[in-house]
Structure formats: structure tokens, C-alpha cells
Amino acid sequence: MNGAKSLLQDLDDAIARGTDESRARALWHATDLLITGRYVDDEISMFGEVIGRLADEIEVAARVQLSELMSACDHAPLNVIEKLAFDDAIEVAGPVLRDSTRIDEKVLVESAMTKGQAHLLAISQRQSIGEAVTDVLVKRGNQEVVTSVAKNEGARFSGSGLLHMVRRAEGDSILAEQLGLRKDVPRHIFQQLIAKASEDVRRRLETERPEMMAQIQSSVTEVTGDLQSKFGPSSRSYFVAKRVVTTQYRQGNLNQDSISNYARQHRFDEVQIGLSLLSALPVDVIERALMDRNREMILVLCKALDFSWDTTMSLLFLGAKDHLITARDLQDNEREFGRLKIETSRSILKFYQSRKNSAGADSASGRQPELQVH
């Protein structure tokens with residue numbers, strides 16, 4: 001503590017004499033002692049008082065040097081780190097925003113919300129970035145900032161942050177590709193990204209992320225084997241249902257209410273035929289959506305059709321084994337359904353339609369992709 005007291009005296013002398021040389025000498029003396037020594041929190045706080053007061057008196061070039069030293073110090077005083085982080089000069093703030101492990105997440109959020117794009121870019125290059133920070137970066141950042149944070153493997157994104165990135169990736173092939181290459185992007189977000197991406201980006205991601213593209217393709221390919229409904233197209237009941245529902249559709253009476261009523265009565269044929277007509281997707285794709293244990297596709301489909309949660313829930317129960325769903329799974333599905341946006345869900349629906357058409361409508365799997373009245 002004697003060294004710290006001596007520093008305070010040096011500070012008083014430096015300010016009293018008021019020369020750049022005296023202030024700089026006191027600053028670097030304090031900084032050298034701090035970096036090379038071992039101190040308890042109270043002592044670090046005293047150093048912070050000394051260095052912080054001197055930092056207000058020095059020129060930009062000296063503050064830059066101080067920032068570079070403090071950014072690499074694992075016991076740098078918090079008040080000094082915060083002061084440097086909020087410096088308007090990016091040359092000063094940059095090293096701390098990029099590299100300091102002492103900086104508080106609240107400081108990063110505030111800096112990202114109030115400072116310019118150069119400060120946001122520095123934050124986007126940190127080794128680790130939490131969701132609260134990336135939420136601000138993807139909303140306020142320019143193209144360079146958003147692309148930088150998308151490339152950063154240490155960045156973590158919230159669901160809303162990822163959706164915002166998907167919207168910003170429209171028309172931005174570089175961002176779309178960088179986002180698609182991230183290993184932490186969940187499948188339903190990847191689907192939305194692909195639905196809006198250019199053909200060039202899709203081809204590159206098919207090469208770089210074949211496992212994700214294969215999962216999406218499986219959602220829109222013909223369903224065979226175990227996924228064939230027990231109420232197959234060869235049964236008389238299926239054709240009766242198809243005739244009734246198609247007539248209802250042509251008369252303009254097929255809507256959410258009728259789908260919901262069919263689902264509550266466990267009338268599987270009527271539901272899959274009705275959803276096929278309303279969505280312009282083949283019946284087998286609807287069957288896959290209803291019966292697949294991964295419920296993403298049916299949630300997206302219901303959101304695209306602007307169905308209510310009650311109707312969506314009835315469809316989930318219809319496709320579930322023994323028509324039973326745990327309370328936790330139901331809550332998870334409701335939360336995911338609430339996150340989905342109608343516009344992006346409709347983009348995914350269009351993508352399913354285009355992939356189905358490009359895959360060939362006449363696949364020899366039993367069921368015809370287009371409904372025909374018998």
C-alpha cells in the first residue's frame with residue numbers, strides 16, 4: 001500500500017506542475033507497477049483511481065498505449081477499462097473492446113448501443129460474445145459488423161438474433177453463406193436462411209453443409225416404408241375423403257375451422273388432404289409433417305397458413321403416437337410456434353414447393369404429388 005500512496009503523491013505533483021511530461025511519468029510508473037505486481041482488490045482499486053485520474057489528462061496517443069497495456073492485463077482496474085471502452089476515439093477503445101477479459105457485458109451492450117460502427121466492429125471481433133451483446137450488434141451493426149460477428153465462432157446468438165440475421169441476409173450472399181456455415185444454427189433457422197438464399201449460396205452450402213441440406217431435403221421428398229399412413233391412397237375411405245374435402249375446397253369452405261374439426265375427430269385422411277390443398281404441397285409431404293417426431297415442419301406449415309395455436313395443437317396431437325404429448329413437449333412446441341413469423345414461414349413453404357418440383361413430381365413412390373378427384 002505504500003507504493004500506492006506514493007503514486008497519489010506523484011499524481012498531485014504531476015497535476016500541480018501541469019506538464020505532459022510529469023503526467024505521463026506518473027501514469028507509466030503506476031501502470032508498470034500494476035502490471036508487474038500482485039495486488040489485492042483494494043490495491044487494484046487504488047491503482048484504478050490513480051490511473052483513471054491521469055488518463056483524463058493525457059493525449060490520445062498516450063491513451064492508445066494505455067489501452068493496449070490494459071487490454072492484456074488480467075487484473076486491470078475495472079474503472080479504467082470502462083473509461084477506455086467508452087472513449088470516442090476508436091484507437092483508444094478498440095484494444096479494450098476487442099481483447100480485455102475484464103470488461104463487463106453491460107459495458108459492451110451500452111457501448112454497442114451508443115457508439116459508432118467502428119466500436120461495434122471491435123466488439124464483434126472478441127473471442128467470446130454473449131447473446132445480449134450480439135442482439136445489439138445484429139440490429140445496429142452495418143454490413144461489415146454483421147458479417148464479422150457471423151464469422152465469429154465465439155459469438156452466441158439468441159433465437160431472435162438469428163432470425164434478425166436471416167432477414168438481413170436477404171440479398172446479402174456473403175452474410176447468408178457465413179450464417180449458413182455456423183455449426184450452432186438450428187435446423188429451422190437454416191431452413192429459413194436457405195428459403196431466402198440465392199442459388200449460388202444454396203449450391204455452396206450444399207457442398208459445405210451436406211448434412212443440413214440432406215435433412216431439409218428429407219422433409220420434402222417422397223415418403224415410403226414406415227411413414228406410409230395406415231389410411232393409404234388405395235383404400236376406399238381415402239378416396240371418399242378426397243372427394244368430400246376437394247369439393248369442400250372448390251366451394252371455398254375448406255378453412256382452419258374445418259381442419260381443426262377433422263383433427264379433433266382423428267380423421268387423418270381429411271386432415272392431410274385438406275392441408276395438401278391449402279398449402280399446395282403433396283399429400284405425402286403433409287403426412288411426413290404430421291407424423292415426424294421432429295415437429296418443426298408442421299409448426300412452420302401452420303404458421304404459414306396463419307393457423308391459431310389451438311388448431312396447431314390439435315394437429316400435433318393427431319400425429320403424435322397414441323395421440324399423447326407430454327406437457328413439457330407441448331410447452332416447447334408452443335414457444336417455438338410463437339417465435340415463428342408468418343412471412344418467413346411462408347418463405348419456407350415456397351421453398352418446400354420449389355424443392356419438391358425440382359426433385360420431380362412423378363417420383364415412383366405410390367402416391368401422386370397432385371390431388372386428383374375420383
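Positions are given from 1, in the same order as the sequence printed here.
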Rounding to 0.5 Å, atoms CD1 (I90) and CG (L121) come to a distance of 8.0 Å
In terms of heavy-atom contacts, does CD of Q265 have more than 12 from other residues, nucleotides or ligands at under 6.0 Å? yes
Residue pair L278 / F307, side-chain heavy-atom distance below 4.5 Å: yes
request  = Give a yes or no answer on whether the side chain of R102 reaches the backbone of A76 with a donor-acceptor pair at less than 3.5 Å.
outcome  = yes
Check: For the hydrophobic clusters of this structure (ILVMFWY residues joined by side-chain heavy atoms under 4.5 Å, transitively), does one cluster hold both M113 and I129?
Finding: yes
Sequence neighbours excluded, the answer for ring pair (Phe, Tyr, Trp, His ring centres under 6.0 Å) partners of F86 is none
Separation between CZ (R243) and CD1 (I273), nearest 0.5 Å, reads 10.5 Å
Please answer whether the main-chain N or O of N333 pairs with a side-chain N or O of R295 as donor and acceptor at a distance below 3.5 Å. no
Exercise. Are the side chain of T114 and the backbone N or O of E110 linked by a donor-acceptor pair below 3.5 Å?
Worked result: yes
| field | Non-hydrogen side-chain atoms of S160 and L163 separated by less than 4.5 Å | value | no
Test salt bridge (charged side-chain N to carboxylate O under 4.0 Å, His left out) applied to R202 and E199, step by step
CA-CA 5 Å; R202 289 181 189 177; E199 284 299 322; 3.1 Å; yes
d(S71 OG, I81 CD1) to nearest 0.5 Å is 7.0 Å
**Prompt:** Is there a side-chain contact between V136 and K139, using heavy atoms and a 4.5 Å cut-off?
**Reply:** no
Note to self: Would D87 and V60 count as a side-chain contact (heavy atoms from CB on, under 4.5 Å) here? Give the steps.
What the structure shows: CA-CA 10 Å; D87 200 298; V60 170; 6.0 Å; no
### Message
I'd like to know whether R339 forms a salt bridge (charged side-chain N to carboxylate O under 4.0 Å, His left out) with E336, so could you lay out the CA-CA distance, the side-chain angles of the two residues, the decisive distance to 0.1 Å, and finally the verdict.
### Response
CA-CA 5 Å; R339 291 196 188 109; E336 186 60 40; 3.2 Å; yes
- Query: With distance as the sole test, does N255 use its side chain to make a donor-acceptor pair with the main-chain N or O of S258 at under 3.5 Å?
  - Reply: yes
Between L315 and C302, the two heavy atoms sitting closest are CD1-SG, 3.5 Å
For atom OH of Y249, decide whether the heavy atoms of other residues, nucleotides or ligands shown that lie under 6.0 angstrom number more than 12.
no
Between Q127 and N152 the two heavy atoms that sit nearest each other are O-OD1, 4.1 Å
Side-chain contact, heavy-atom cut-off 4.5 Å: S111 with I103? no
Give a yes or no on this: more than 12 heavy atoms of other residues, nucleotides or ligands lie within 6.0 Å of atom CD of E170. yes
Between S279 and I286, the two heavy atoms sitting closest are OG-CD1, 3.6 Å
task: Using a cut-off of 6.0 Å, state whether more than 12 heavy atoms not belonging to L330 lie near its atom CG.
output: yes
- Can you hop from V107 to L78 via hydrophobic side chains spaced under 4.5 Å? no
**Asked** Is there side-chain contact between I35 and M70, with at least one heavy-atom pair below 4.5 Å?
**Response** yes
In short, S124 meets L137 closest at the heavy-atom pair CA-CD1, 4.0 Å
Is there a donor-acceptor pair closer than 3.5 Å between any side-chain N or O of R346 and the backbone N or O of L301? no
R126 and V96 have their tightest heavy-atom pair at NH1-O, 3.5 Å
Please lay out, stage by stage, how Q143 and L175 fare under the test side-chain contact (heavy atoms from CB on, under 4.5 Å).
CA-CA 8 Å; Q143 183 182 37; L175 177 57; over 6 Å; no
ask   = Does any N or O in the side chain of K151 come within less than 3.5 Å of the main-chain N or O of Q178, such that one atom is a donor and the other an acceptor?
value = no
Backbone N/O of Y262 and side chain of E270: donor-acceptor pair under 3.5 Å
no
Here the pair of heavy atoms bringing D135 nearest to S158 is OD1-OG, 2.6 Å
Distance col, row E144:CD vs Q117:CD, nearest 0.5 angstrom, shows 9.0 Å
**Asked** Should V146 and I174 be counted in the same cluster of Ile, Leu, Val, Met, Phe, Trp and Tyr side chains packed under 4.5 Å apart?
**Response** no
ask   = Got R140 and L120 here, is their nearest side-chain heavy-atom distance under 4.5 Å?
value = yes
Could you check whether any side-chain N or O of R156 sits under 3.5 Å from a backbone N or O of T134, counting only pairs where one atom can act as donor and the other as acceptor?
no
Between S345 and the options L299, L340, L305, the side-chain contact (heavy atoms from CB on, under 4.5 Å) test singles out L340
| task | Take V185 and L193 through the side-chain contact (heavy atoms from CB on, under 4.5 Å) test and state the conclusion after the steps. | result | CA-CA 10 Å; V185 171; L193 179 68; 5.9 Å; no
Interatomic distance, CZ@R182 vs CG@L162, rounded to 0.5 Å, equals 8.0 Å
Note to self: Please evaluate residues D104 and K106 with respect to the criterion salt bridge (charged side-chain N to carboxylate O under 4.0 Å, His left out), reporting the C-alpha separation (whole Å), side-chain torsions for both, the decisive distance (0.1 Å), and the verdict.
What the structure shows: CA-CA 5 Å; D104 188 89; K106 292 181 180 179; 5.8 Å; no
### Message
Between H75 and L34, is there a side-chain heavy-atom distance shorter than 4.5 Å?
### Response
yes
Step-by-step side-chain contact (heavy atoms from CB on, under 4.5 Å) determination, V285 to M297
CA-CA 10 Å; V285 175; M297 187 175 177; 3.0 Å; yes
Q) Side chains of F239 and K242: closer than 4.5 Å at any heavy-atom pair? A) yes
Is H119 reaching over with its side chain to a backbone N or O of A85, donor-acceptor style, under 3.5 angstrom?
no
The reported gap from CD1 in I259 to OG1 in T311 (rounded to nearest 0.5 angstrom) is 9.0 Å
ask   = So, the side chain of Q256 versus the backbone of S308: is there a donor-acceptor pair under 3.5 Å, distance only?
value = yes
